[in-house]
Amino acid sequence: MLDQRLVRENPDLIARELGRRGLEVDLTGLQLMAQQQRNLEEQRSSLQAEGNRIGKEVGVRIKAGADPKGEEVAALRQQGNAIKHKVAVLEDEEKQLQGRLREQLLTLPNLPSPDCPDGSDETENQEVRRWGTPRRGDGLQEHWAIADRLGLLDTERSVRIAQSRFVTLFGQGARLERALINCMLDLHTNKGYREVLPPVLVNSASLTGSGQLPKFAEESFRCADDDLWLTPTAEVPVTSLHRDEIIAADQLPLRYVAYSPCFRREAGSYGRDTRGLIRLHQFNKVELYWFAHPDHSEEAHAQITADAEAVLQALELPYRVLDLCTGDLGFSARRTYDLEVWLAGAGAYREISSCSVCGDFQARRSSIRTKEGKTTRLLHTLNGSGLAIGRTMAALLENGQQEDGSVLLPEALRPYFGSDRLRPE
RNA sequence: GGAGAGGUGGCCGAGUGGUCGAAGGCGCAGCACUGGAAAUGCUGUAUAGGGGCAACUCUAUCGAGGGUUCGAAUCCCUCCCUCUCCGCCA
């Protein structure tokens, strides 16, 4: 959420920065509301001050011996009552206004970082660097074909169990998924990340806190009878881990690594990536998350990205890093580096991780602050996939496929998987 | 799901209508004492919003929301949460 004060005092800045995202917003209405809200607050609180004064005076006079039923007290009472009614009216108006203002503010995305490259869509994302040598060649299979051949998964039975875009893993496939989760968690915890296994059902406040609500309700699965949703990413529960908290500055950064299944409705993506492990309603992910000191979130962004890259390097998967342009930036992000892994079968890079710095955007929505001496400020949050498990498996299958039909696994994964390769059964 | 108890500041804990943002303790910070530390003493120590260059000041907040009252941490209603016992259960 954007700072209400900024809306009041510098709406032009907001309009300009949101313009970089390709959004045309007229903030005069919002500014007016914010100003009016403050006027109401001023009126209300000075009336309340007067009311408090009268209330105290009644107490003082009665204690001093005034007749509680006498004229003197009755007059004060009447004054008090008059003020009370005025306050009630103002308060009501103010509350409504504040509600409408907040509602609208919650739908505005974060302002992009000054360093974020300008651009209108993903074609203008900027490649920052590449790592590894992409494997190319004729006859390289795509991962679903390999998975099918090796009996790693079953999509048709998954439709019977759930519906399309779900997958059931079997045998070596299930084992590989488990190996990847453990491998990644170990990699990150060895670097000092604190492992956390959060609830998968999250309430509306949590989704609002990290930015999925109110705007993206149709992206998540909702439980009909409860205020609970299936989490679309561990970013949601982990953000709310410290909702409404004040964290001492010397404890920052708090770095978490959370494994969780993720659930997404993928509305509006029918027909895209319908085969394989790329786009599913349910997938596993290991997520990195930082609660960072507001003065050091840029370094933190570089670090969290490096920590995500380290997984790809450990798994010997070639990738490239994209600096997302303003037009492709996610709702809560100020700046994002996407990691795209090479898929040898598809012959293309595909997103496997997204590392974002959100500034104080989520912290304001979630009220997460840090205290240093006497000053309390909103802290900064960052998140990065480290990594999406299903897509990692896809990359391993495509990049590790061998002539004999087996799939060779990277060294780092072998102890977890218990073998150096997947073999035809 | 049934019965009961309870939710007060970073923590513990007092406070059943009046000047209470809240005693006391712990913790923490600063100062004094010390060669240094401990112990001790003194002082300070919530959050948000508004006004002010600032010192400072006003308002709100004692689980949440409503109500009674000139005045609510305290009384009433609704909801949420926690704990204990019973039932059910991986």
Side-chain angles (χ1 to χ4, degrees), chain A residues 1-10 30-102 105-106 197 199-206 208-209 223 225-229 237 240-252 254 261 291 294 360-379:
Chain A
M1 190 162 64
L2 303 176
D3 189 359
Q4 196 167 314
R5 193 172 191 131
L6 194 64
V7 172
R8 208 167 63 213
E9 292 171 358
N10 200 349
L30 269 188
Q31 183 187 26
L32 216 66
M33 281 169 84
Q35 286 169 342
Q36 201 183 344
Q37 187 272 335
R38 186 184 51 174
N39 286 343
L40 284 171
E41 183 178 341
E42 277 173 29
Q43 287 178 50
R44 191 211 71 222
S45 63
S46 62
L47 267 178
Q48 280 175 323
E50 177 66 7
N52 287 343
R53 213 209 79 235
I54 290 169
K56 278 182 188 170
E57 187 155 344
V58 172
V60 169
R61 293 211 188 169
I62 290 173
K63 224 165 216 178
D67 177 6
K69 299 224 161 69
E71 264 179 51
E72 185 188 358
V73 171
L76 284 171
R77 253 183 214 167
Q78 210 184 0
Q79 280 182 47
N81 260 324
I83 286 172
K84 188 161 60 167
H85 289 122
K86 281 190 207 162
V87 166
V89 171
L90 285 174
E91 219 168 30
D92 194 53
E93 206 178 326
E94 187 184 343
K95 221 177 239 178
Q96 277 192 30
L97 192 67
Q98 184 66 58
R100 275 188 290 145
L101 185 58
R102 183 180 162 81
L105 279 176
L106 284 173
L197 190 62
V200 170
L201 296 193
V202 296
N203 57 35
S204 299
S206 296
T208 306
C223 300
D225 295 329
D226 304 277
D227 178 31
L228 288 170
W229 308 63
S240 280
L241 210 52
H242 292 294
R243 180 146 46 88
D244 296 319
E245 284 187 23
I246 297 172
I247 299 165
D250 58 24
Q251 297 197 17
L252 299 177
L254 295 177
F291 295 89
D360 62 14
F361 188 81
Q362 293 180 322
R364 183 173 293 106
R365 288 173 163 251
S366 300
S367 184
I368 311 172
R369 289 152 294 173
T370 183
K371 189 169 188 174
E372 203 167 17
K374 284 215 168 217
T375 43
T376 307
R377 303 199 266 164
L378 293 169
L379 50 70

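So you know, we letter chains A, B, ... as the sequences are listed, proteins then strands, and number each from 1.
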(Q) For a 4.5 angstrom cut-off between non-hydrogen side-chain atoms, does A:M33 reach A:Q37? (A)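 A:M33 vs A:Q37: side chains apart.
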
Check: [X] side chain, [Y] main-chain N or O, donor-acceptor pair, under 3.5 Å:
X      : Y      : result
A:S46  : A:Q43  : yes
A:T370 : A:I247 : yes
A:R364 : A:M1   : yes

Rounding to an integer number of Å, can you tell me how far [X] [atom1] sits from [N] [atom2]?
X      : N     : atom1 : atom2 : value
A:D226 : B:C80 : CG    : C1'   : 14 Å
A:L40  : B:G49 : CG    : C1'   : 14 Å
A:H85  : B:G71 : NE2   : P     : 9 Å
A:R243 : B:A64 : CZ    : C1'   : 14 Å
A:L90  : B:G50 : CG    : P     : 17 Å
A:M1   : B:A48 : CE    : P     : 14 Å
A:E94  : B:U59 : CD    : C1'   : 10 Å
A:E372 : B:A29 : CD    : C1'   : 15 Å

Closest listed nucleotide, where the reference is the side chain of [X] and the choices are [options]:
X     : options             : answer
A:R38 : B:U59, B:G18, B:G51 : B:G51
A:I62 : B:G18, B:C70, B:G66 : B:G18
A:K63 : B:C70, B:U59, B:U19 : B:U19
A:Q48 : B:G66, B:U59, B:A48 : B:U59
A:A49 : B:C58, B:U47, B:G50 : B:C58
A:K84 : B:G50, B:U59, B:C70 : B:C70

When rounded to the nearest Å, what value does the distance between [atom1] atoms of [N] and [M] take?
N     : M     : atom1 : value
B:C76 : B:U69 : C1'   : 12 Å
B:C81 : B:C75 : P     : 23 Å
B:G13 : B:C86 : C1'   : 32 Å
B:A22 : B:A39 : C1'   : 31 Å
B:A72 : B:U84 : C1'   : 31 Å
B:U8  : B:G2  : C1'   : 30 Å
B:A37 : B:C31 : P     : 11 Å
B:C83 : B:U16 : C1'   : 24 Å

Within the 4.0 Å heavy-atom criterion, would you say [X] contacts the bases, only the backbone, or no part of the nucleic acid?
X      : value
A:R8   : sugar-phosphate
A:E41  : base
A:I246 : sugar-phosphate

Applying a 3.5 Å limit to both distances, which nucleotide forms a Watson-Crick or G-U wobble pair with [N]?
N     : value
B:C53 : none
B:U68 : none
B:U82 : B:A5
B:C89 : none
B:C20 : none
B:U40 : B:A32
B:A60 : B:U47

Verify the contact: side-chain N or O of [X] to OP1 or OP2 of [N], cut-off strictly under 4.0 Å; return yes or no.
X      : N     : value
A:T376 : B:U47 : yes
A:K69  : B:C70 : no
A:K371 : B:U47 : yes
A:K56  : B:C70 : no
A:R53  : B:C58 : no
A:R5   : B:G49 : no
A:R61  : B:G18 : no
A:N52  : B:U59 : yes

Q: Check A:H242 against A:I368 and note the closest heavy-atom contact, atom names and distance.
A: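 So the two residues come closest at O-CG1, 3.3 Å.
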
Q. Looking at A:Q98, A:R102, A:E9, which hits side chain to side chain donor-acceptor pair (under 3.5 Å) with A:Q4?
A.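 Of A:Q98, A:R102, A:E9, side chain to side chain donor-acceptor pair (under 3.5 Å) with A:Q4 is met by A:Q98 alone.
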
Q. Can A:E57 and A:R53 be counted as an ion pair, charged N to O under 4.0 angstrom?
A.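 Salt bridge: yes.
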
**Q.** Distance (rounded to the nearest 0.5 Å) between A:L90 CG and A:Q48 CD
**A.**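 It is 9.0 Å, given to the nearest 0.5 Å.
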
Q) Say you draw a straight line from CD1 of A:I54 to CZ of A:R77; how long is it, rounded to the nearest 0.5 Å? A)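 Output value for this atom pair is 13.0 Å.
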
Q: For A:K95 and for A:N81, find the nucleotide of RNA chain B with the closest heavy atom, then tell me which residue's nucleotide is more 5'.
A: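 Looking at the nearest nucleotide for each, A:K95 comes out on the 5' side.
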
